[in-house]
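Down below is the structure, laid out as structure tokens.
Sequence lines set the chain letters: A, B, ... in the order given, protein chains first and strands last, and positions in each chain run from 1.
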2 protein chains.
Amino acid sequence: MAFAKKELFDAEMQECADLYKALSHPARLAIMKYLAETKTCITGDISEEIPLGRTTVNQHLAELKSAGLIQGNIEGVKTYYCLDIMKVKKLKEMTGRFFGTVCCDDNCCEN
Amino acid sequence: MAFAKKELFDAEMQECADLYKALSHPARLAIMKYLAETKTCITGDISEEIPLGRTTVNQHLAELKSAGLIQGNIEGVKTYYCLDIMKVKKLKEMTGRFFGTVCCDDNCCEN
DNA sequence: ATTTAATGACGTAAAAATACGTCAAATATA
DNA sequence: TATATTTGACGTATTTTTACGTCATTAAAT
């Protein structure tokens, strides 16, 4: 009785919401930032940068990956993660559009 | 055993994550957009614009409000909702900073 | 060949989110 | 005053998220 009425909404809104959800945990923002800073794509020692257990961090990585914001390249035993720039750019554009509709200066109430 | 390690993270990251979480449901994005479009601050007949039950929409409104993205002014029986422009602008700025650190052009991997 | 390291898969407990129904309070309206 | 309207509070069932432990697999190092 409590699920997935989300398809009832506009497709772009849906996609945008999903991406914001992917970014809605500080650990995932930290991962994104870390991956952006260490230009060389980084392996799962990301866990050492994040104050959470290894499996939990892995879970967050999986979420970012399923949202399409990062990629993981397997090389030997290690998996190298990196940002998916294209997706990040797409998000940036959608976000721009969102703020375009939402953030005009003469909106609302007693302001 | 499964909660709130979120305080372990940077304050801005935390705040940013909370705001993205507020925007992580299409209904809430739709509400934001609707409030932005109907310049006059709008009452709970927002429910009629959103394909969800009245109480559910109310719940989403409460979430946006507790995130600080909208305000609700009570007038008689009715409650007039509107965007909190200041907060939206703050989010816009934080988002700008985020994309600043994350979205450089020569990042990562085989791109 | 055996040990070590790195990872994802799987399971799980606790918590939060989602979607509603029902109810009561407050305010208009008849 | 009685009735209708608008709303938030509260309760609840279901699903999803969060955080982690354990295990198995794969590959590298000894």
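- Side-chain atoms of A:Thr38 come within 3.5 Å of backbone N or O of A:Tyr34 as a donor-acceptor pair.
- Within 3.5 Å, a donor on the side chain of A:Gln59 pairs with an acceptor on the base of D:dA19, or the reverse.
- Counting only heavy atoms from C-beta outward, the side chains of A:Ile46 and A:Leu35 approach each other to under 4.5 Å.
- Following rounding to the nearest Å, B:His25 (NE2) and D:dT16 (C1') show an atom-to-atom distance of 12 Å.
- Rounded to a whole Å, the CD atom of B:Glu63 is 7 Å from the C1' atom of C:dA17.
- A:Lys90 meets the side chain to side chain contact (heavy atoms under 4.5 Å, CB included) test with A:Glu15; sequence neighbours excluded.
- With rounding to whole Å, A:Ile31 atom CD1 is found 13 Å from D:dA19 atom C1'.
- Rounded to whole Å, the distance from CG on A:Asp18 to P on C:dT18 is 11 Å.
- Between B:Thr79 and the phosphate of D:dG8, there is a side-chain N or O to OP1/OP2 separation shorter than 4.0 Å.
- At C:dG8, one or more side-chain N or O atoms of A:Asn58 fall inside 4.0 Å of OP1 or OP2 (strictly under the cut-off).
- Taking side-chain N and O atoms only, B:Lys78 has no distance below 4.0 Å to OP1 or OP2 of C:dA28.
- Looking at heavy-atom distances under 4.0 Å, B:Lys65 makes no contact with the nucleic acid at all.
- Residue B:Tyr81 has a polar side-chain atom (N or O) positioned under 4.0 Å from OP1 or OP2 of D:dG8.
- Between the C1' atom of D:dT17 and the CG atom of A:Leu52 lies a distance of 13 Å, rounded to the nearest Å.
- A:Leu23 has its CG atom 12 Å from the P atom of D:dT18, to the nearest Å.
- As rounded to whole Å, 15 Å separates atom P of D:dT16 from atom NZ of B:Lys21.
- The distance from atom CD of B:Gln14 to atom P of D:dT18 is 12 Å, rounded to the nearest whole Å.
- Side-chain proximity of B:Thr55 to C:dA19, D:dT18, C:dC20: nearest is C:dC20.
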Extract all donor-acceptor atom pairs below 3.5 Å that involve side chains of residues 20-30 of chain B and protein atoms in other chains or at least two apart in sequence.
unit_1: B:Tyr20; atom_1: OH; unit_2: B:Thr95; atom_2: OG1; d: 2.9
unit_1: B:Ser24; atom_1: OG; unit_2: B:Lys21; atom_2: O; d: 2.7
unit_1: B:His25; atom_1: ND1; unit_2: B:Ala27; atom_2: N; d: 3.0
unit_1: B:Arg28; atom_1: NE; unit_2: B:Ala22; atom_2: O; d: 2.7
unit_1: B:Arg28; atom_1: NH1; unit_2: B:His60; atom_2: ND1; d: 2.9
unit_1: B:Arg28; atom_1: NH1; unit_2: B:Glu63; atom_2: OE1; d: 3.4
unit_1: B:Arg28; atom_1: NH1; unit_2: B:Glu63; atom_2: OE2; d: 3.2
unit_1: B:Arg28; atom_1: NH2; unit_2: B:Lys21; atom_2: O; d: 3.2

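- Regarding contacts with the backbone of C:dA17, every side-chain N or O of B:His60 stays at 4.0 angstrom or more from both OP1 and OP2.
- Within 3.5 Å, no donor on the side chain of B:Arg54 pairs with an acceptor on the base of C:dG21, nor the reverse.
- At a threshold of 4.5 Å between non-hydrogen side-chain atoms, the residues B:Lys78 and B:Glu75 do not count as touching.
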